[in-house]
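Here's the structure we're looking at; comments come further down.
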Amino acid sequence: MTQTVQAYFDAFNAGDVAGMLACLSDDVAHHVNEGQIRVGKEKFAEFCAHMNRCYRETLTDMVIFEAEGGTRAAAEYIVNGTYLETDAGLPAASGQSYRLPAGSFFDLKDGKITRVTTYYNLADWVKQVSGG
């Protein structure tokens, strides 16, 4: 199932939301760092639209792990980004660059991702975009 996770991240790096959605189950549970759980592809697509408006990101140094016979996976990577538009409740955007370690965890069933959970250090990101 690491092929599905790799395809998901390849689509992310290509800015291909449709490609990301193709990797997800219809009832995917998206656990957002510092946020609420969003259920379903429509909510995931809305989140992607928001993120693409506020941020431009590429993931590098990717390592994908698989466990439990392909039903679970994890990935560790570096987020290389540019803060494009101010996101509500966060510091003002002015094109700041950031580099942030992150990780994602997945449940998979029938070749589709049924859960995506992403973690990163928000305080580190705030410090980077605030000039600290």
Side-chain angles (χ1 to χ4, degrees):
M1 290 300 173
T2 58
Q3 305 92 324
T4 301
V5 173
Q6 185 65 59
Y8 169 86
F9 284 121
D10 288 346
F12 179 96
N13 278 340
D16 178 8
V17 174
M20 293 171 68
L21 292 171
C23 297
L24 306 178
S25 66
D26 289 339
D27 62 348
V28 65
H30 182 210
H31 298 242
V32 181
N33 194 72
E34 307 286 333
Q36 301 298 314
I37 299 170
R38 294 173 172 89
V39 177
K41 283 186 175 183
E42 182 178 331
K43 294 284 187 189
F44 188 90
E46 290 170 5
F47 175 82
C48 289
H50 168 82
M51 292 297 288
N52 288 339
R53 186 176 64 254
C54 295
Y55 310 91
R56 181 174 51 245
E57 296 179 329
T58 303
L59 310 179
T60 60
D61 305 299
M62 176 81 54
V63 179
I64 298 173
F65 307 89
E66 183 179 323
E68 299 183 33
T71 62
R72 309 249 337 250
E76 183 178 27
Y77 47 88
I78 300 294
V79 180
N80 305 275
T82 304
Y83 190 24
L84 303 172
E85 182 179 307
T86 301
D87 201 344
L90 296 173
S94 61
Q96 306 95 310
S97 293
Y98 52 92
R99 186 171 160 83
L100 192 66
S104 294
F105 302 89
F106 302 90
D107 287 340
L108 298 110
K109 183 178 179 183
D110 300 326
K112 298 288 184 180
I113 296 168
T114 59
R115 176 185 59 94
V116 179
T117 303
T118 301
Y119 291 109
Y120 56 88
N121 185 327
L122 181 60
D124 183 11
W125 179 86
V126 168
K127 183 179 177 184
Q128 289 185 48
V129 301
S130 297

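Within a 6.0 Å radius of NZ in K43, other residues, nucleotides and ligands contribute 12 heavy atoms or fewer. Within 6.0 Å of CD in E46 there are more than 12 heavy atoms belonging to other residues, nucleotides or ligands. Within a 6.0 Å sphere centred on CZ of R38, other residues, nucleotides and ligands contribute more than 12 heavy atoms. Enclosure of atom CD in E85 by more than 12 non-hydrogen atoms of other residues, nucleotides or ligands within 6.0 angstrom is indicated.
Within the model, atoms CG of D110 and OG1 of T71 stand 11.5 Å from one another, a figure rounded to the nearest 0.5 Å. Between the CD atom of E34 and the OG1 atom of T118 there is a distance of 12.5 Å, given to the nearest 0.5 Å.
The minimum heavy-atom distance between A93 and T86, with the atom names listed, is N-OG1, 2.8 Å. Here the shortest heavy-atom pairing between R99 and N80 reads NH1-OD1, 2.7 Å. Taking all atoms of both residues into account, the shortest heavy-atom contact from Y98 to Y83 is CE2-N, 3.7 Å. Here the closest heavy-atom approach between residue A11 and residue G19 is recorded as CB-C, 3.6 Å. N13 and E57 make their closest contact through OD1-O, 4.5 Å (heavy atoms, listed as atom of the first residue, atom of the second, distance). Closest non-hydrogen pair, L84 versus Y55, comes out as CD1-C, 3.6 Å.
For F9 and F106, the distance between ring centers is under 6.0 angstrom.
Remark: D27 engages S25 in a side chain to side chain donor-acceptor pair (under 3.5 Å) (not counting sequence neighbours). In this structure Y8 satisfies the side chain to side chain donor-acceptor pair (under 3.5 Å) test with no other residue, sequence neighbours excluded.
Placement of L108 and F105 in two distinct hydrophobic clusters is found when ILVMFWY residues are connected by side-chain heavy-atom separations under 4.5 Å, directly or transitively. Linking ILVMFWY side-chain heavy atoms closer than 4.5 Å, directly or via other members, places V129 and L90 in a single hydrophobic cluster. Cluster annotation: L122 and M51 are assigned to the same hydrophobic cluster (Ile/Leu/Val/Met/Phe/Trp/Tyr, side-chain heavy-atom contacts under 4.5 Å, transitive). Criterion: ILVMFWY side-chain heavy atoms under 4.5 Å apart, direct or through other members. Under it, L100 and M62 are part of a common hydrophobic cluster.
Of the candidates T4, T2, D10, Q6 forms a side chain to side chain donor-acceptor pair (under 3.5 Å) with just one, namely D10.
Using a 4.5 Å cut-off on side-chain heavy atoms (C-beta onward), D61 and P101 make no contact. Side-chain contact between E66 and I64 is absent, with no heavy atoms from C-beta onward closer than 4.5 Å. Inter-residue side-chain proximity for Q128 and Q96 is flagged as unmet; no heavy-atom pair is nearer than 4.5 Å. Looking only at side-chain heavy atoms (C-beta outward), R72 and D107 come within less than 4.5 Å of each other. Between S97 and T82 the shortest side-chain heavy-atom distance falls below 4.5 Å.
A side-chain donor-acceptor contact under 3.5 Å links N33 to the backbone of Y120. Judged purely by atom type and a 3.5 angstrom limit, S104 has no side-chain atom pairing as donor or acceptor with the backbone of A75.
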Test side chain to side chain contact (heavy atoms under 4.5 Å, CB included) on V28 and K112; report intermediate values, then the result.
CA-CA 9 Å; V28 65; K112 298 288 184 180; over 6 Å; no
